[in-house]
Amino acid sequence: MKILVTGGAGFIGSHIAEAYRDAGHEVVVLDTLVSGSRENIPAGVRFVEADIRDHHIKDFFISENFDAVNHHAALVSVPESYREPVEYASVNVAGTVSLFHAAAECGVRRFIFASTGVLYAESDELPYAETHPLAPLDPYGASKLAAEQFIATMSARYPAMEIVTLRYGNVYGPRQRVYGEGNLVAVCAAKLCRGEQPTIFGDGTHTRDYVFVGDVAELNTLLLNSPVVGTFNVGTGIERSVLEIYREVAHAVGVEPAPVFGPPRSEQAHIALSPVALHQATGWRPLTTLAEGIRQTVAWFCARTTPTNAHASSPKHSFRNTPADSSAAGVGD
Ligand SMILES: NC(=O)c1ccc[n+]([C@@H]2O[C@H](COP(=O)([O-])OP(=O)(O)OC[C@H]3O[C@@H](n4cnc5c(N)ncnc54)[C@H](O)[C@@H]3O)[C@@H](O)[C@H]2O)c1
């Protein structure tokens with residue numbers, strides 16, 4: 001199968017491109033490198049440095065004749081989406097509409113779209129099923145919901161096209177950036193590996209649903225040849241608190257620093273996504289345990305890190321605190 005992976009130089013997209021290549025598919029990555037990087041692009045995968053909003057996108061589809069599109073390109077930072085709402089609308093909404101339209105007009109059979117679990121209305125009815133009311137709290141979530149709605153509305157004109165929308169929980173793993181959605185594991189791993197202390201915004205009781213990127217790549221591979229269509233949560237249904245994640249990462253690094261708390265941020269207190277519909281439709285389950293996923297993530301971060309204080313390489317010492325910043329360890333962005 002010939003597949004276009006947009007955002008394939010980024011965190012999740014690069015794992016998917018790799019899994020597709022390993023499954024024997026012909027893979028083309030399209031990415032601007034605005035947040036992705038060349039070194040993430042797997043060997044043997046063709047790279048096209050371009051914007052999903054490029055005016056020639058339809059010509060590109062005509063010349064390439066793709067069987068499937070896996071659309072992971074997006075701007076992904078909640079705080080940035082408040083500062084740059086027009087750019088978020090432009091890339092995440094107009095860019096997605098343009099890409100989808102070109103793919104549909106050019107006969108692409110299957111379209112997989114990366115959405116998010118942060119578009120559900122806050123409530124106590126956890127874990128959220130796909131039927132839970134939608135009410136995103138920030139421009140990033142709003143842009144994903146708008147893109148979902150455009151795709152759903154336009155799809156009526158292309159009945160032969162198979163469309164799958166995936167509402168991810170907090171995806172974590174090697175290659176994750178410290179800026180972006182669902183970045184708590186990455187922030188804690190990057191800082192603790194350097195011998196620095198992340199700041200936890202709030203009291204650490206906020207919860208999210210964590211899914212390992214290897215499981216997500218496997219799901220995207222399974223979905224290529226599956227007849228399944230529709231909108232699905234991608235999560236475990238299990239809430240993990242900020243403190244629980246922090247302690248798990250610290251344990252994997254081999255340190256025991258006491259957490260440092262900063263002021264709370266405005267964000268949903270609790271999110272967990274019901275995995276039932278996706279499991280019933282596909283049989284897929286995320287099989288990587290949190291401990292194992294964090295172990296692999298920490299190994300990746302620590303291998304790329306030079307400790308910045310003397311204690312960092314000798315476990316069980318306290319850590320230097322670094323000031324709170326937009327990448328510090330809250331949840332959800
Ligand atoms: N990481 C998570 O926990 C999470 C959770 C929910 C949803 N998602 C979604 O998954 C997708 C991938 O997220 P990620 O965490 O890998 O982020 P990422 O920033 O690592 O990847 C996004 C990629 O898109 C590229 N990109 C941005 N604008 C582009 C444009 N106009 N044209 C072409 N390429 C462009 C970036 O350069 C980057 O390589 C996004 O759509 C995101 O909204 C991620």
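Every heavy atom of this structure was used, including side-chain atoms; hydrogens, water molecules and symmetry mates were not. Remember, it's 1-based here, ligands and their atoms both numbered in the order they're listed.
- Evaluated by nearest non-hydrogen atom to atom 40 (C) of ligand 1, the leading choice among H72, R208, H15 is H72.
- Atom CZ of R46 is separated from atom CD of E26 by 6.5 Å, given to the nearest 0.5 angstrom.
- Every heavy atom of G95 sits 4.0 Å or more from the atoms of ligand 1.
- By the criterion of a heavy-atom distance under 4.0 Å, neither the backbone nor the side chain of S37 is placed next to ligand 1.
- Interface atoms of ligand 1 facing T116, defined by a heavy-atom separation under 4.0 Å, are 6 (C), 7 (C).
- If you number the atoms of ligand 1 from 1 as listed, the ones under 4.0 Å from a heavy atom of G36 come out as 36 (C), 37 (O), 38 (C), 39 (O).
- Those atoms of ligand 1 with a heavy atom of R177 less than 4.0 angstrom away are 19 (O), 20 (O).
- With hydrogens and angles ignored, the 3.5 Å screen pairs no side-chain donor or acceptor of D209 with any backbone N or O of G169.
- Close approach to Y140 involves these atoms of ligand 1, each under 4.0 Å from a residue heavy atom: 7 (C), 8 (N), 42 (C), 43 (O).
- The distance from the CG atom of L278 to the CH2 atom of W284 is 6.0 Å, given to the nearest 0.5 Å.
- Between the side chains of S274 and N233, no donor N or O sits under 3.5 Å from an acceptor N or O.
- Side chains of Y120 and R167: a donor on one and an acceptor on the other come within 3.5 Å.
- With a 4.0 Å heavy-atom cut-off, ligand 1 is reached by no atom of Y172.
- Between the side chains of T96 and H71, at least one donor N or O lies within less than 3.5 Å of an accepting N or O.
- Distances below 4.0 Å separate heavy atoms of G169 from the following atoms of ligand 1: 3 (O), 5 (C), 6 (C).
- Relative orientation of the Y140 and Y88 rings is perpendicular, given thresholds of 30° and 60° on the angle between their planes.
- Rounded to the nearest 0.5 angstrom, N170 CG and T236 OG1 are separated by 10.0 Å.
- Closest heavy-atom approach to atom 37 (O) of ligand 1 within the set D31, V29, T6: this belongs to D31.
- Using a 4.0 Å heavy-atom cutoff, A50 is listed among the residues neighbouring ligand 1.
- For a threshold of 3.5 Å applied to N or O pairs, the pair formed by I12 and ligand 1 contains at least one separation below that value.
- Ligand 1 does not have G8 within reach: every non-hydrogen atom of the residue lies 4.0 Å or more from it.
- Taking the six-membered ring where the residue is Trp, H72 and Y168 present tilted rings, their angle falling between 30° and 60°.
- With a 4.0 Å heavy-atom cut-off, ligand 1 is reached by the backbone of V34 and by its side chain too.
- In this structure, of L30, T32, V118, N92, the residue bringing a heavy atom nearest to atom 30 (C) of ligand 1 is T32.
- Heavy-atom proximity to N170, at under 4.0 Å, picks out these atoms of ligand 1: 3 (O).
- Closest to atom 20 (O) of ligand 1 by heavy atom, among F113, F11, Y88, Y210, is F11.
- Between V171 and ligand 1, an N or O atom pair is found at a separation short of 3.5 Å.
- The proximity of R167 to ligand 1, defined as any non-hydrogen pair under 4.0 Å, does not occur for either the backbone or the side chain.
- Nearest to atom 36 (C) of ligand 1 by heavy-atom distance, out of G117, S35, A73, is S35.
- Short contacts between ligand 1 and G10, defined as distances under 4.0 Å to a heavy atom of the residue, involve ligand atoms 20 (O), 21 (O), 38 (C), 39 (O).
- No hydrogens or angles considered: nothing links the side chains of R240 and T207 as a donor-acceptor pair under 3.5 Å.
- At a 4.0 Å heavy-atom cut-off, ligand 1 touches L33 through the backbone alone.
- Taking the six-membered ring where the residue is Trp, Y172 and Y210 present perpendicular rings, their angle passing 60° and hence far from 30°.
- By the 6.0 Å contact criterion, CZ on F150 is open, its count of non-hydrogen atoms from other residues, nucleotides or ligands being 12 or less.
- When V48, V5, I52, I57 are checked for heavy-atom proximity to atom 32 (N) of ligand 1, I52 turns out nearest.
- Among the atoms of V76, none of the N or O lies under 3.5 angstrom from an N or O of ligand 1.
- Rounding to the nearest 0.5 Å gives a distance of 5.5 Å between CG of L119 and CG of L145.
- The closest approach between any non-hydrogen atom of S115 and ligand 1 is below 4.0 Å.
- Ligand 1 has K144 within reach: a non-hydrogen atom of the residue lies less than 4.0 Å from it.
- By the criterion of a heavy-atom distance under 4.0 Å, the side chain of V91, and not its backbone, is placed next to ligand 1.
- Within 6.0 Å of the CD atom in E105, the count of heavy atoms belonging to other residues, nucleotides or ligands exceeds 12.
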Begin with the C-alpha distance, continue with both residues' side-chain angles, and end with the deciding distance and a verdict on side chain to side chain contact (heavy atoms under 4.5 Å, CB included) for N183 and R177.
CA-CA 7 Å; N183 64 358; R177 294 182 314 125; over 6 Å; no
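- A side-chain donor-acceptor contact under 3.5 Å links R21 to the backbone of A43.
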